[in-house]
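Beneath this line is the structure, given in structure tokens, with notes to follow.
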Amino acid sequence: MAAYREDAVVGHWVHSHEEDTDEEMIYRPASYPFPPARGRTSFELRPDGSYVERSPGPVDAPVESEGSWTLEGGRLFLGAEGDRPGQGWEVTAAEADRLALKK
């Protein structure tokens with residue numbers, strides 16, 4: 001498992017589900033020219049350790065949740081605010097135009 005610097009993952013990442021494999025979820029910067037989709041999940045990792053996650057809601061309006069994030073070696077953890085459990089993934093690539101997370 002490779003270790004990554006925090007500045008390699010900071011940014012607004014949008015799920016590029018068309019590029020997913022059985023092993024990885026692929027995210028691209030929000031500025032990426034995505035093909036049309038009904039809605040996409042995204043998260044913004046901020047330099048201060050906070051994040052905002054956005055996902056399609058029931059009436060096509062995005063639903064947001066907030067929390068904190070950490071990068072420990074090669075694992076990205078999205079923490080929780082309140083009672084929601086945190087999530088963690090192995091980072092398999094962290095490039096300027098592509099973030100890959102192992103499922």
Side-chain angles (χ1 to χ4, degrees):
M1 177 175 5
Y4 295 94
R5 294 185 354 215
E6 287 188 4
D7 62 352
V9 299
V10 166
H12 186 177
W13 297 100
V14 180
H15 190 194
S16 184
H17 54 80
E18 301 88 350
E19 298 181 81
D20 283 357
T21 67
D22 289 341
E23 293 84 31
E24 293 180 318
M25 297 178 297
I26 306 301
Y27 290 81
R28 298 286 186 170
S31 60
Y32 186 79
F34 292 99
R38 179 94 181 166
R40 294 184 184 271
T41 301
S42 70
F43 53 84
E44 181 181 355
L45 303 177
R46 298 175 177 158
D48 67 359
S50 66
Y51 82 93
V52 175
E53 184 176 11
R54 296 173 185 91
S55 49
V59 292
D60 292 336
V63 175
E64 292 188 356
S65 58
E66 298 182 358
S68 60
W69 69 275
T70 59
L71 185 64
E72 299 174 15
R75 291 201 49 89
L76 173 65
F77 294 96
L78 299 183
E81 295 290 332
D83 295 331
R84 198 173 119 230
Q87 305 172 58
W89 301 273
E90 180 182 341
V91 177
T92 55
E95 302 157 359
D97 68 342
R98 183 176 177 270
L99 178 66
L101 304 176
K102 189 171 184 176
K103 292 183 178 179

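Since the model is a prediction, treat every value here as computed from it, not as a measurement.
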Distance check, rounded to the nearest 0.5 Å: [X] atom [atom1] versus [Y] atom [atom2]?
X   : Y   : atom1 : atom2 : value
L45 : W69 : CG    : CH2   : 5.5 Å
Y27 : H17 : OH    : NE2   : 10.5 Å
H15 : M25 : NE2   : CE    : 6.5 Å
Y4  : R75 : OH    : CZ    : 13.0 Å
E66 : S50 : CD    : OG    : 7.5 Å

Decide side chain to side chain contact (heavy atoms under 4.5 Å, CB included) for R46 and Y51; before the verdict, give the C-alpha distance in whole Å, the side-chain angles of both, and the deciding distance to 0.1 Å. CA-CA 6 Å; R46 298 175 177 158; Y51 82 93; 6.0 Å; no
Where [X] and [Y] come nearest, the two heavy atoms and their spacing:
X   : Y   : result
P35 : E18 : CG-OE2, 3.4 Å
T41 : P56 : OG1-CD, 4.0 Å
V63 : P58 : CG2-CD, 4.3 Å

Side chains of Q87 and E53 in contact at under 4.5 Å (non-hydrogen atoms): yes
Any heavy-atom pair between the side chains of W13 and S42 that's under 4.5 Å? no
Backbone N or O of E72 within a donor-acceptor pair of the T70 side chain at under 3.5 Å? no
Is it true that a side-chain atom of K103 and a backbone atom of T21 form a donor plus acceptor pair closer than 3.5 Å? yes
Start with the C-alpha distance between R54 and E44, add both sets of side-chain angles, then the distance that settles side chain to side chain contact (heavy atoms under 4.5 Å, CB included), and finish with yes or no. CA-CA 8 Å; R54 296 173 185 91; E44 181 181 355; 3.6 Å; yes
Do the ring planes of W89 and F43 sit parallel (below 30°), tilted (30 to 60°) or perpendicular (above 60°)? parallel
Membership question, hydrophobic clusters at under 4.5 Å side-chain separation (ILVMFWY): are V14 and V9 in the same one? no
Enumerate, atom names and distances included, each donor-acceptor pair closer than 3.5 Å involving a side-chain atom of residues 91-102, sequence neighbours excluded.
unit_1 : atom_1 : unit_2 : atom_2 : d
T92    : OG1    : E24    : OE2    : 2.4
T92    : OG1    : A100   : O      : 3.3

My understanding is that only residues two or more places apart in sequence, or in another chain, count here; which of them pass salt bridge (charged side-chain N to carboxylate O under 4.0 Å, His left out) with D7? R5
